[in-house]
Each structure stands twice: as C-alpha cells, then as structure tokens.
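Here the structure comes first, spelled out in structure tokens, and everything after it is commentary.
Labels below follow one simple rule: chain letters A, B, ... track the order of the sequence lines, proteins then strands, and each chain is numbered from 1.
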There are 2 protein chains.
Amino acid sequence: MKNSQNLLKNSPLKVTPQRLEILQTIQKNGHISIDDLYAHIKEKFPSISLATVYKNIHTLKDEGILLEIHPQDAKSHFEIKKEPHGHFICKKCGKIYDFEIKTSCNPNLSEISEIDESEVYLYGVCKECQ
Amino acid sequence: MKNSQNLLKNSPLKVTPQRLEILQTIQKNGHISIDDLYAHIKEKFPSISLATVYKNIHTLKDEGILLEIHPQDAKSHFEIKKEPHGHFICKKCGKIYDFEIKTSCNPNLSEISEIDESEVYLYGVCKECQ
DNA sequence: AATGTCAAGGATAAAAATTATTATTTAATG
DNA sequence: CATTAAATAATAATTTTTATCCTTGACATT
C-alpha cells in the first residue's frame, strides 16, 4: 500500500494537507463517494469547500492516481488506482468489494479492437447481508 | 428484435406514442444518451418535455425494459434489455459496441456471493477510428 | 361509441450536482 | 525569505435531475 504522500510526490501535483487527507480517506475506506468523502474531510478541515473536493478528485483522476467506479443506482465512487480488478457491489448494503480477475482464460475479444482499459461489475447480495 | 409495442403490452405500462417513439429511437440507435434521445424525439414530438423523457426512461428501467450503461467520461446511455453482453466503448468517437461474453470459462467468483447481474466494459479505439 | 378511472404528458418550479470565477493563501523553488 | 505558480475557499453560475400540479389520453367496461 503506497502512502499518499508518495503518490503526490511522483506526480506534478503539489502536496497539500487537503490532498493528503483526501487520499488517506479514500485509502482507508477503499471506495468512497464524493459526498461521503466531503463529510469525512470536513471533520479535519471544517473550512474545506465541496468544490475543492470535486476539483481534486478530478485532478487526481486525470493524473491516474484515482479511479472512478460507476455502480448502478448509486453515485460514482473513487478508489486509489492499483492492479486491475473487478468490483462486486452489494445490492442491499451498497458495499463495494474488490475481486481478482483471472486472465488465464481470455475470451476472444481482441477482434473488436485493442483494449486499453476495462471495468467489470458484479451485483448481488454480499455474505454479510444474506 | 421485439417490437416496442409488445415490450409495453407485456408490462403494466400504457402504450403511448411518446413511449413508442422513445423505444423505437433507442432500438434504432442501439445505445443513446438522454440528451440525444430528447433531441431525436423532439423532431417527431416537438412539444415533448425533457422531464417526460427522464420520467419514461426511469419507468422503463424500473420495468426491466431498459438497461443503463455507464461509460467512463460520458453520460449514461440506455439500451433495450436483451441477453447479457459486454460493451466496448471507443475512446475516440464514443461509439458503443456490444460483444458476446463467452461464459464457458468461469473464474471462480461465486465464493463472494450469488451474482444477480453483471456489467463489463472495455475501452479502446475502434477499428473505424484507427 | 360513451363513460370512468387511473396513469401519462406538459409546463414549470425546485432540488441536487457539478463547474466556473475570483480573491486569497500556500507550497515549492532558488 | 522572496518569488511564482498552483491550490484553496467562497460564492456564483450552470447543468442535470426530480417533484409538483394540472390537463390530457389510454384503455377496460359498459
């Protein structure tokens, strides 16, 4: 688990307390929505602006530090970018779980085009909610 | 390819000209955003309200007639629900292509939970744009 | 065909979400 | 520490989506 400071140091972005807190909050939660992120950050930086959160999220996304997740029936969530993986989303509690994708058996997709990125979402009810 | 009228007749929803036009437009385009849909519909029904389009899209989605697609960096698109399949999204022209998912080789995912639904997105540059 | 009922449409307002603007502050650099 | 570019906060503006209210239309039954 890379620490937040290095993520920023290895980018052209400046290291600011707000950014560190944003990254640490995301890292701690795994995946988080803008709203929840804002609520958390506000505890430490009561004066932070929602616009700052939005701007930073997008800046960090553009830098390839963050990744956006689009669950059905929920707002976008964000996570620290790491190895490619899938997301399982619980329809009851909304929790998002990562899972490994075994690429050992590739369906023949390359005929369509070169693939740069991929997203895989699975939906169901997680063990805790069953 | 089911016709739009039957899709509605097999649901508790009433068959209205606006709904037929919405479904036919989606069917003709394969995948479409709310904006584009609204623009198309307006040609035939100049008086239609954007709110009506929103309302119908969500009603049809709730009935399981439509499916929402969430491309990275683009607004939601909608399609007629059919057999499960993946989506390839061209990063240049934004066009969305369907592709078949071969389920013959299943990675061991069931340990997480029962899977109800899934979404698979691939991103790259399509042949036309290369 | 006429009628009654309930859902759907249109217009608009309201709410929610996102982005833009500007002045001020702060991080990084020499 | 002084300079410069970038980030923040505050606010306004814009965009997107949903809710409300009233009218109209679909459709089953007569």
Side-chain angles (χ1 to χ4, degrees), chain A residues 3-26 32-63 65-66 68-78 94, chain B residues 3-26 32-66 68-78:
Chain A
N3 77 62
S4 311
Q5 194 138 4
N6 285 342
L7 286 174
L8 290 172
K9 286 245 174 87
N10 294 332
S11 81
L13 303 178
K14 290 185 176 167
V15 180
T16 71
Q18 289 91 337
R19 277 183 184 155
L20 283 174
E21 188 63 22
I22 286 175
L23 285 174
Q24 280 159 16
T25 304
I26 297 178
I32 198 167
S33 68
I34 296 261
D35 287 350
D36 291 348
L37 180 58
Y38 180 55
H40 274 88
I41 304 282
K42 245 195 156 184
E43 289 172 15
K44 271 218 174 155
F45 293 88
S47 73
I48 201 172
S49 162
L50 179 55
T52 301
V53 177
Y54 270 101
K55 200 157 7 124
N56 273 321
I57 285 292
H58 285 118
T59 308
L60 292 166
K61 205 186 142 196
D62 291 345
E63 274 313 316
I65 294 171
L66 292 185
E68 188 169 356
I69 303 166
H70 306 86
Q72 290 268 11
D73 311 313
K75 298 186 65 182
S76 280
H77 282 58
F78 298 86
Chain B
N3 76 62
S4 312
Q5 193 137 4
N6 285 343
L7 286 174
L8 289 172
K9 285 243 173 88
N10 294 332
S11 80
L13 304 178
K14 290 182 178 170
V15 180
T16 72
Q18 290 89 338
R19 276 183 184 155
L20 283 174
E21 189 62 23
I22 286 175
L23 286 174
Q24 280 159 17
T25 304
I26 297 177
I32 197 167
S33 68
I34 297 260
D35 287 349
D36 291 350
L37 180 58
Y38 180 55
H40 275 88
I41 304 282
K42 244 193 158 187
E43 290 173 14
K44 272 218 174 157
F45 294 89
S47 73
I48 201 172
S49 160
L50 179 56
T52 300
V53 177
Y54 269 102
K55 233 190 297 180
N56 273 319
I57 285 292
H58 285 117
T59 309
L60 292 165
K61 203 186 145 197
D62 291 346
E63 273 312 316
I65 295 172
L66 292 185
E68 187 168 356
I69 304 166
H70 307 86
Q72 289 270 11
D73 309 315
K75 298 187 65 182
S76 280
H77 282 57
F78 298 86

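Of the residues in residues 34-47 of chain B, those with a non-hydrogen atom less than 4.0 angstrom from any atom of DNA chain C are B:Ser47. A heavy atom lying under 4.0 Å from DNA chain D marks the following residues of residues 51-58 of chain A, by number: A:Ala51, A:Thr52, A:Lys55, A:Asn56.
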Scan the side chains in residues 52-59 of chain B for donor-acceptor partners under 3.5 Å anywhere in the protein, sequence neighbours excluded, and list what turns up.
unit_1  : atom_1 : unit_2  : atom_2 : d
B:Asn56 : OD1    : B:Arg19 : NE     : 2.7
B:Asn56 : OD1    : B:Arg19 : NH2    : 3.3
B:Asn56 : ND2    : B:Thr52 : O      : 3.4
B:His58 : ND1    : B:Tyr54 : O      : 3.1
B:Thr59 : OG1    : B:Lys55 : O      : 2.7

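In the helix from C:dA1-D:dT30 to C:dG30-D:dC1, the terminal helix axes, each the rotation mapping four pairs' C1' atoms onto the next four within five end pairs, subtend 50°, rounded to 10°.
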Look for any protein N or O under 3.5 Å of an N or O in nucleotides 5-7 of chain C and output each such pair with its distance, or none.
unit_1 : atom_1 : unit_2  : atom_2 : d
C:dC6  : O2     : B:Lys14 : NZ     : 3.1
C:dA7  : O4'    : B:Lys14 : NZ     : 3.2

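With sequence neighbours left out, A:Asp62 forms a side chain to side chain contact (heavy atoms under 4.5 Å, CB included) with no residue at all. Residues meeting the salt bridge (charged side-chain N to carboxylate O under 4.0 Å, His left out) test with B:Glu63, sequence neighbours left out: none. By the side chain to side chain contact (heavy atoms under 4.5 Å, CB included) test, A:Asp35 is found to be paired with A:Ser33, A:Lys75, residues two or more places apart in sequence or in another chain being considered. Annotation: side chain to side chain contact (heavy atoms under 4.5 Å, CB included) contacts of B:Asp73 (sequence neighbours excluded): A:Lys61. When the side chain to side chain contact (heavy atoms under 4.5 Å, CB included) test is applied to A:Gln24, the partners found at least two apart in sequence or on another chain are A:Ser4, A:Leu20, A:Glu21.
Bounding nucleotides for the chain B contact on DNA chain D, 5' to 3', at a heavy-atom distance below 4.0 Å, are D:dT16 to D:dC27.
Among residue pairs with one or both ends in residues 38-47 of chain A, those qualifying as side-chain hydrogen bond (donor to acceptor under 3.5 Å, both in side chains) are A:Tyr38-A:Lys42; sequence neighbours excluded.
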